[in-house]
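Numbers here are sequence positions counted from 1. Every number for a ligand or one of its atoms is a count from 1 in the order of the listing.
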Amino acid sequence: MMYSPLLIVAAAILQHFTPCAAVINGTQTDLYRQRAQSLLEQMTWKEKIGQLGGYRRLLEADATFNRTRFDELYPTQNGNLGYGSAFNWASDVVPIANRIKQRQIDESRLHIPFVTVTDSNNGIYISGGTIFPSNLGMAASFNLPLFEQAIAVIREEQRAIGVNWVLSPPLDVTSEPRYGRIGEDFGEDAYLVGEFGKTYVLTMEEKGEGGFVKVATTMKHYVYGETSGGVNLASQYGGINHIYNDQLRPYIKVIEEAKPLSIMASYSSVDRLPMHKNRYMFQDILRQKLGFEGLIMTDANGIWQMHNQMYAASSLQDAAVQAVHAGIEMELCPPSEPTVCGMPTLLNAINGSAVLQRDIDQAVLAFLEIKFRTGLFDQSLPDPQKLNSTLRLPQSLEIAREMSREAIAMLQNDGLLPKTPGRVALIGPFGNILNSGSYAAVNSSDARYGDSLHRSMKNAFGSGKVSFTQGCDFIDTDDDSGIQDAVAAAKDAGFAVVALGSLSVSPSDPLFLKRTDGEFFAHADLGFPGLQQQLLDAVLDVGVPTVLVVSGGQPFVLNPSAMRANAIFHTFLSGEFTGDAVVELITGKVNPSGKLTVSMPQYSGAIPIAYDLLPSDQGYDQAGLTANNISAAWQFPNLTRSVPMPFGYGLSYTTFKFSNPTVSSNNQTSCITVNVSLNNTGDVFGKEVVQVYYRPIYTPDIEFPVKSLVRFEKVGLEPGQSQDVHFVIARRELGYWVNTELTSPPGPYTFWIGSSSRVEDLHAVNVTLPMWTA
Ligand SMILES: *[C@@H]1O[C@H](CO)[C@@H](O)[C@H](O)[C@H]1NC(C)=O
Ligand SMILES: *[C@@H]1O[C@H](CO)[C@@H](O)[C@H](O)[C@H]1NC(C)=O
Ligand SMILES: *[C@@H]1O[C@H](CO)[C@@H](O)[C@H](O)[C@H]1NC(C)=O
Ligand SMILES: *[C@@H]1O[C@H](CO)[C@@H](O)[C@H](O)[C@H]1NC(C)=O
Ligand SMILES: *[C@@H]1O[C@H](CO)[C@@H](O)[C@H](O)[C@H]1NC(C)=O
Ligand SMILES: *[C@@H]1O[C@H](CO)[C@@H](O)[C@H](O)[C@H]1NC(C)=O
Ligand SMILES: *[C@@H]1O[C@H](CO)[C@@H](O)[C@H](O)[C@H]1NC(C)=O
Ligand SMILES: *[C@@H]1O[C@H](CO)[C@@H](O)[C@H](O)[C@H]1NC(C)=O
Ligand SMILES: *[C@@H]1O[C@H](CO)[C@@H](O)[C@H](O)[C@H]1NC(C)=O
Ligand SMILES: *[C@@H]1O[C@H](CO)[C@@H](O)[C@H](O)[C@H]1NC(C)=O
Ligand SMILES: *[C@@H]1O[C@H](CO)[C@@H](O)[C@H](O)[C@H]1NC(C)=O
């Protein structure tokens, strides 16, 4: 990789403009680069090409190693080593992985170690680790210190199983609710995504003994999240102002403040140019403008896709040549099928192309550098005997439990809760499984991966007090016979908990064929799949107190019928303690404190509904800066653009009062101070998320969202207790990009401070800001 002086200067300038934030020095020792360079000089063409690919499925589903297949692929794909099936246990995988890795170190000509690069969503991606909620749930906690603890647990568990590089954090801004991978993401607001992403990278890439990065991270997917129709792989449109202000904001923050070691290309073509060969987005924007110095990798089969799905390359080799020329430096190519991997096709493409040789050298250098930085050449392999002293430690499980409690949002409560019911009818397909996401090492039907709501309720209330009736299937069927059983159970118990949602489980899960959410899914309808709404309606018609518990990595339409439920929780994609947490929240042992990071739409077609839409997106309703009440936008009977449960929304059993909001600007330091006093005016302990939004009242150049989040902090208060909350915001954080340049106009601004993005939950304060130049 070339590090031009220009890039280093650009990075230094960016830092200079962050007077209120921590300044992180960009200059890193180039010792690793020197070692990588001297290794590169000894490598043959075949060895170089081999590094850029890998063997992605070490073990089959039954934990067996297929040596024939390994020996076939190894000569041309030997840079990284993936572990394969998530349902193999760490105690089985690590000894075998170690043997393969040790043999590579001992016997390969240059002794270049494998690196294990894996997904890392709810935890490690083989069985035996601590299972956290997926990112959408963890973000709903709005609790960055707790998130940092969770990621530190995952980091140590990854290291214990020999993983030094993860395919996270996802920085996709999820303003398209039909997209099936929202559960893996942090939410619809770019600032929030950036904060979680930054915390993730700084925690994972912490330096350990010897100054080695503990676990390298991968920002993904550059750029994505808003594909047409929410379809996985699909194209997206948008000019450079949209890309910068809506999609790149998290990347810009994370690159500047955390310097992650790698980034993954998205499957999209952006403005028709496939990202995997988008030299403009990689070289001109990512490297030159944003100063990114890490490695650029493909998404799985991204090179193959350019030829076979997009028809934007005439052969696999043509696609590979274009990819490396654009700046791709490593290929992820599961499931290790040689016919879909692009890099090996370059083995016979060397002749006559100095450009290709230079591109490949640069790629191999970048890849080796990460191997050096993460200590693979210098540290020994993890000891399988020590798995038990790292995985699932009591303190790790406690952090996961706390995260599950805070990762659930209470969306409605008419006063029924908190309540410890005498008898409960638990109803619905999600009552007795774990719904954790398509990249979670969780068997939805196996109690070893966590307690379902049914098991947790039986533990808490006594098994004689809880009945379970599935009522209907996860997906469409003709069989509605279970609904009458559910109605009878609700009548009999006099208290119903209905567990509905959208299924997202990993490959080889017993329910895999019934999934409706996760990678490869788009949601034509944001209601509940199959007969679930019918089941809910029938139970609600009974008229007994009813709690609706929603599960899935997506926003759902809660129609007027569903809203009849006395109380509603969204649990997103669950960690292993989600069942227990729901019981604790229902009974009031724990006070709910999660908040939505994706707005809940009124109708499937009534999108976009992200809270931070542009003023013109409100249609004719110019009644102030109130994003969520647009009567003229849709004329379907009774349909307004009102989003009753937008971003930042979530209820508590106590009440909070915000008072004395002030915003002041210090012209000398270009810093803005926001103060507010928060008081718990109810009678139980609770946690509230103080949220600060803003907008320049007029923007002289391009449109700016009706409001935009700029700070949040979660505060826990005893009844009657109050706390002053204080934020310092650098002026550049109020800026936006016009044709790739940051600007922040002088003049009047409105700041809103409160408990959600809803107008009625916010206090507005106007302030005039002076001239500012980047
Ligand atoms: C950054 O580097 C400068 C110059 O080498 C040094 O003076 C400063 O202390 C460093 N700051 C941090 C936060 O490491
Ligand atoms: C092992 O891999 C070889 C080569 O790909 C394949 O032909 C064979 O079926 C595999 N064996 C098993 C048991 O899956
Ligand atoms: C490149 O050169 C090698 C060795 O001369 C030859 O075997 C190979 O077929 C050539 N490949 C192409 C694509 O021309
Ligand atoms: C780790 O713990 C498991 C479960 O308690 C036990 O079966 C296994 O033998 C332990 N392994 C080692 C290496 O101590
Ligand atoms: C998942 O768990 C169920 C229930 O214990 C079991 O029957 C099934 O074999 C498991 N599936 C896998 C792939 O481990
Ligand atoms: C929002 O819509 C409701 C229902 O149409 C209306 O009563 C209310 O005045 C509107 N509020 C604003 C701020 O426009
Ligand atoms: C619209 O609202 C009115 C008044 O609440 C109600 O009578 C009517 O049924 C609603 N129409 C539809 C299509 O929901
Ligand atoms: C805001 O709070 C800080 C820290 O408590 C204090 O120094 C500052 O004077 C306050 N500003 C205003 C305008 O109240
Ligand atoms: C907080 O609110 C409670 C209840 O309204 C009140 O008694 C108390 O004085 C308030 N505390 C402060 C510091 O304002
Ligand atoms: C802030 O300024 C806008 C535009 O002048 C005005 O409509 C609004 O009422 C002001 N808000 C406050 C809280 O002063
Ligand atoms: C800050 O600058 C603005 C505009 O330049 C000016 O009106 C205001 O008086 C200044 N405030 C302070 C505290 O210097």
Side-chain angles (χ1 to χ4, degrees), residues 19-22 591 593 611-630 648 651-731 733-734 736 744-772:
C20 303
N591 192 350
S593 68
Y611 84 97
D612 58 348
L613 43 75
L614 299 178
S616 61
D617 297 337
Q618 299 176 106
Y620 289 110
D621 185 350
Q622 296 294 338
L625 306 172
T626 59
N628 298 317
N629 199 2
I630 299 127
L651 302 174
S652 167
Y653 294 140
T654 189
T655 50
F656 293 96
K657 184 168 174 243
F658 287 77
S659 49
N660 304 325
T662 63
V663 180
S664 54
S665 131
N666 181 329
N667 289 359
Q668 276 69 48
T669 60
S670 297
C671 289
I672 288 88
T673 302
V674 177
N675 288 354
V676 71
S677 177
L678 182 68
N679 187 347
N680 180 346
T681 52
D683 48 22
V684 287
F685 173 84
K687 293 183 179 179
E688 179 58 290
V689 179
V690 180
Q691 303 171 35
V692 181
Y693 300 86
Y694 81 104
R695 115 165 218 114
I697 290 178
Y698 292 102
T699 46
D701 27 50
I702 62 175
E703 276 197 89
F704 189 89
V706 292
K707 65 171 100 69
S708 185
L709 185 72
V710 64
R711 281 290 184 277
F712 61 86
E713 187 175 330
K714 196 165 200 176
V715 178
L717 293 176
E718 296 294 342
Q721 194 189 359
S722 81
Q723 185 176 322
D724 292 332
V725 184
H726 175 69
F727 299 102
V728 178
I729 304 165
R731 179 65 181 273
E733 294 184 78
L734 304 181
Y736 53 91
S744 174
Y749 281 64
T750 302
F751 283 76
W752 291 269
I753 302 144
S755 62
S756 92
S757 68
R758 296 196 315 178
V759 176
E760 57 268 45
D761 294 332
L762 293 168
H763 298 265
V765 178
N766 285 348
V767 63
T768 297
L769 300 184
M771 285 291 289
W772 177 84

Starting from [atom], which protein heavy atom do you reach first, and at what distance in Å?
atom	result
atom 13 (C) of ligand 10	Ala764 O, 3.5 Å
atom 4 (C) of ligand 10	Ile697 CD1, 3.8 Å
atom 2 (O) of ligand 10	Asn766 ND2, 2.3 Å
atom 5 (O) of ligand 8	His726 ND1, 4.3 Å

### Query
Taking only heavy atoms of Thr681, which atoms of ligand 9 are found under 4.0 Å from at least one of them?
2 (O), 5 (O)
### Subset of ligand 9 atoms that lie under 4.0 Å from at least one heavy atom of Gly720
1 (C), 11 (N)
Using a distance-only test with no angle check, is there a side-chain donor-acceptor pair under 3.5 angstrom linking [X] and [Y]?
X	Y	value
Ser744	Arg731	yes
Ser756	Gln691	no
Ser722	Ser677	no

### Query
Do any N or O atoms from the side chain of Thr654 and from the backbone of Gly686 form a donor-acceptor pair under 3.5 angstrom?
no
### Query
Do you see a protein non-hydrogen atom under 4.0 Å from atom 7 (O) of ligand 9?
no
### Query
Evaluating non-hydrogen atoms only, which member of Thr673, Val676, Asn675 is closest to atom 10 (C) of ligand 8?
Asn675
### Query
Of Asn680, Thr655, Asn679, Leu717, which has the heavy atom at the shortest distance from atom 3 (C) of ligand 9?
Asn679
#### Entry: Proximity flag Thr662 to ligand 8, non-hydrogen atoms under 4.0 Å
yes
### Task
Find the distance between NZ (Lys687) and CG (Asn680) and round it off to the nearest 0.5 Å.
13.0 Å
### Check: Tyr693 ring centre within less than 6.0 Å of Phe751 ring centre
no
#### Entry: Aromatic centroids of Tyr694 and Phe704 separated by under 6.0 Å
yes
### Task
State whether the shortest distance between N or O atoms of Thr750 and N or O atoms of ligand 10 falls below 3.5 angstrom.
no
### Message
I'd like to know whether CG of Asp683 has more than 12 heavy-atom contacts from other residues, nucleotides or ligands below 6.0 angstrom.
### Response
no
